[in-house]
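Values below: every heavy atom of this structure, side chains too, minus hydrogens, waters and symmetry copies. On a predicted model such as this, the values are computed, not experimentally measured, just so you know. Chain letters run A, B, ... following the sequence lines, proteins first and then strands; every chain starts at 1.
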Protein chains: 2
Amino acid sequence: MITKDFLCGRLRDALTETESQALEAAVHEVIEVPARTTLVKRGEKIDKSYYLVDGFMIRYLQDRGGYRQSAGIQVAGDWVDLHSFPMKRLDHDVATLGPVTLAVFKHEQLEKLIGAHPRLARIMWFSTLLDAAMHREWVFRLGRLNAEGRIAHLICELARRLEFVGRFDGEYLDVPLHQADYAEASGISAIHANRTFRLLRERGLIANREDHVGLTILDRAELEKIGEFDGDYLYGEGQLELSEPY
Amino acid sequence: MITKDFLCGRLRDALTETESQALEAAVHEVIEVPARTTLVKRGEKIDKSYYLVDGFMIRYLQDRGGYRQSAGIQVAGDWVDLHSFPMKRLDHDVATLGPVTLAVFKHEQLEKLIGAHPRLARIMWFSTLLDAAMHREWVFRLGRLNAEGRIAHLICELARRLEFVGRFDGEYLDVPLHQADYAEASGISAIHANRTFRLLRERGLIANREDHVGLTILDRAELEKIGEFDGDYLYGEGQLELSEPY
DNA sequence: CGCTGCATTGAAATATCTCAATCAATGTGG
DNA sequence: CCACATTGATTGAGATATTTCAATGCAGCG
């Protein structure tokens, strides 16, 4: 089941068996893409959308100096650029972080899908609004928190979202982000991100992994505190009532 | 015509005469709300959405100290909380800046509307995605620009969006924002916003109005340069092809 | 007149950036 | 197997940006 993680932990029971199968059948192809590959460039005309089956991707804008600002990180179960379906054009780039598995949906096919299953249109709309809610939280994160809080908040968000799709055990956060990626997502320099990580380590909140991939969360409560993290914006299970299409 | 500014300058020709009239007929009531009033609180269960006929509103998150971070400013022609239609609950607060005129749409009524006119659903989806695009740009603005750039960028965004709905003449930007509002939207202290405005004035980019609120834009090109502003993310006229529902 | 809300200024404290360098792990070619 | 390049993490020190605290100015208003 390729799309089993879609909205998992949020709208787990949202899709009927029929809808779920229809969605699955609408997959055009499944592809593997290596790490650090830009898949969609800003401004391109788009006729397909990607659903992230497994792995991590990043959506980013660029400043005039070529520096990136990440606008969101996508994890398994996310649509990466579903908004290109109504909009037909992206205002940002999309790239892989580690190696990923993607399901490709042709827009043409999506039209047929939601024509046959109107509730799916509503659910996809909801899914893009979830992205918007995360964007708002990032605005908050960048606008109101210092470097320490920003990184803590990001770690908490990743932990919570990975939990939703059964990929976080409460301790080992298996993400392929480098310190520079945290920096790009947090609006700080890579060097300052490094110092901030040291601080978080020294305070006993996180620890590096021996193998240097991912990190260990030691004190999640404290991370949530200094990151002012409250996961409500992720509209987790039980916090949501999806409206029904007419 | 209450909804005449909806997506103006973007999807000017998107609505057929029939759809336009149906939308207009779906208005439950039109209300006036005084300045500085919080209309929707985070977490509330919602069964209606507001369309901003005239005036300015703000959407904001709050940190643990009670300080606000604005996540977006709404101008005439915007839906303020249309995303509450699929989501039923907001993750942020919504308040008026100056006095506003609002059209109220019951969600129940919106269901009927888009049931009868499926393209309107797609257009509303698009409208919420436009908000998301603006959120992303704000993430960029806060993550990559310094105080001067952030304020310049915000001024440019307001100018462009007001232009879209025929409310900016190229010089006098008639917005009811205080310096503290710019600060809350820019992730800086009100005092630093003040110093930044002085800087922009001294550089001849803007000027205060003697009698009115709002400000005069003297050098828009330079503002766009230091704000690294490129309005593409607003999906203005000619930059968009709306996909057609099945 | 004395409020009140907003804009303004100065000065010291803090946060963050930039530049320059080092270190550790990994991979590659000879 | 070693020499070397590369990548990411780390550290120090000085420069810059921003905050905080404390105070003043200024206009409208009951």
Check your understanding: What is the distance, rounded to the nearest whole Å, between atom OH of Tyr182(B) and atom P of dA7(C)?
Key -> 10 Å

Review point. Which part of the nucleic acid, if any, lies within reach of Ala190(B) when heavy atoms closer than 4.0 Å are counted: base, sugar-phosphate only, or nothing?
Key: nothing

Review point. Checking all strands, does Arg36(B) fall into the base, sugar-phosphate, or nothing category for heavy-atom contacts under 4.0 angstrom?
Key: nothing

Exercise for review: Could you go through the ring pair (Phe, Tyr, Trp, His ring centres under 6.0 Å) check for Tyr233(B) and Phe140(B) one step at a time?
Suggested key: CA-CA 12 Å; Tyr233(B) 70 96; Phe140(B) 168 79; 9.3 Å; no

Exercise for review: Mind calculating the distance between CZ (Arg201(A)) and P (dA9(D)) to the nearest angstrom?
Suggested key: 10 Å

Practice item. Have a look at Gly149(B) and say if it touches a base, only the backbone sugar-phosphate, or nothing, with a 4.0 Å heavy-atom cut-off. Key: nothing

Exercise for review: For Arg195(A), report the nucleic acid contact type (base, sugar-phosphate, nothing); a contact means any heavy atom under 4.0 Å.
Suggested key: base

Check your understanding: Would you say dT10(D) has OP1 or OP2 under 4.0 Å from some side-chain N or O of Asn208(A)?
Key -> yes

**Study point:** Between dA9(D) (C1') and Ile151(A) (CD1): distance, integer Å
**Key:** 13 Å

Check your understanding: For His192(B) and dA17(D), what is the distance between atoms NE2 and C1' respectively, to the nearest whole Å?
Key -> 6 Å

Practice item. Figure out the CD/C1' separation between Gln179(B) and dT8(C), and round it to whole Å. Key: 8 Å

Exercise for review: Quick one: label His178(B) by what it contacts on the DNA or RNA (base, sugar-phosphate, nothing), any heavy atom closer than 4.0 Å.
Suggested key: sugar-phosphate

**Study point:** Salt-bridge present (Arg209(B), Asp174(B); N to O < 4.0 Å)
**Key:** no

Practice item. Return the value, rounded to whole Å, for the distance between atom CG of Leu199(A) and atom C1' of dT14(C). Key: 14 Å

Practice item. Check whether any side-chain N or O of Asn194(A) sits under 4.0 Å from OP1 or OP2 of dA9(D), and answer yes or no. Key: no

Review point. In whole angstroms, how far is the C1' atom of dT14(C) from the CG atom of Leu145(A)?
Key: 17 Å

Study note, to complete from the structure: Residue pairs meeting side chain to side chain donor-acceptor pair (under 3.5 Å), one or both in residues 187-198 of chain B, sequence neighbours left out, come to Gln179(B)-Asn194(B)

Check your understanding: How is Arg150(B) classified with respect to the nucleic acid when contacts are heavy atoms under 4.0 Å: base, sugar-phosphate, or nothing?
Key -> nothing

Review point. For Arg198(A) and dG12(D), what is the distance between atoms CZ and P respectively, to the nearest whole Å?
Key: 6 Å

Review point. What closest approach, in Å, do Leu142(A) and Ser186(A) show between heavy atoms, and which atom pair accounts for it?
Key: CD2-O, 3.2 Å

Check your understanding: Ile191(B) near the nucleic acid: base, sugar-phosphate alone, or nothing, with a heavy-atom cut-off under 4.0 Å?
Key -> base

Review point. With a 4.0 Å cut-off on heavy atoms, is Asn146(A) in touch with a base, just the backbone sugar-phosphate, or nothing at all?
Key: sugar-phosphate

Check your understanding: Do NZ/NE/NH1/NH2 and the carboxylate oxygens of Asp93(A) and Arg42(A) come within less than 4.0 Å?
Key -> no

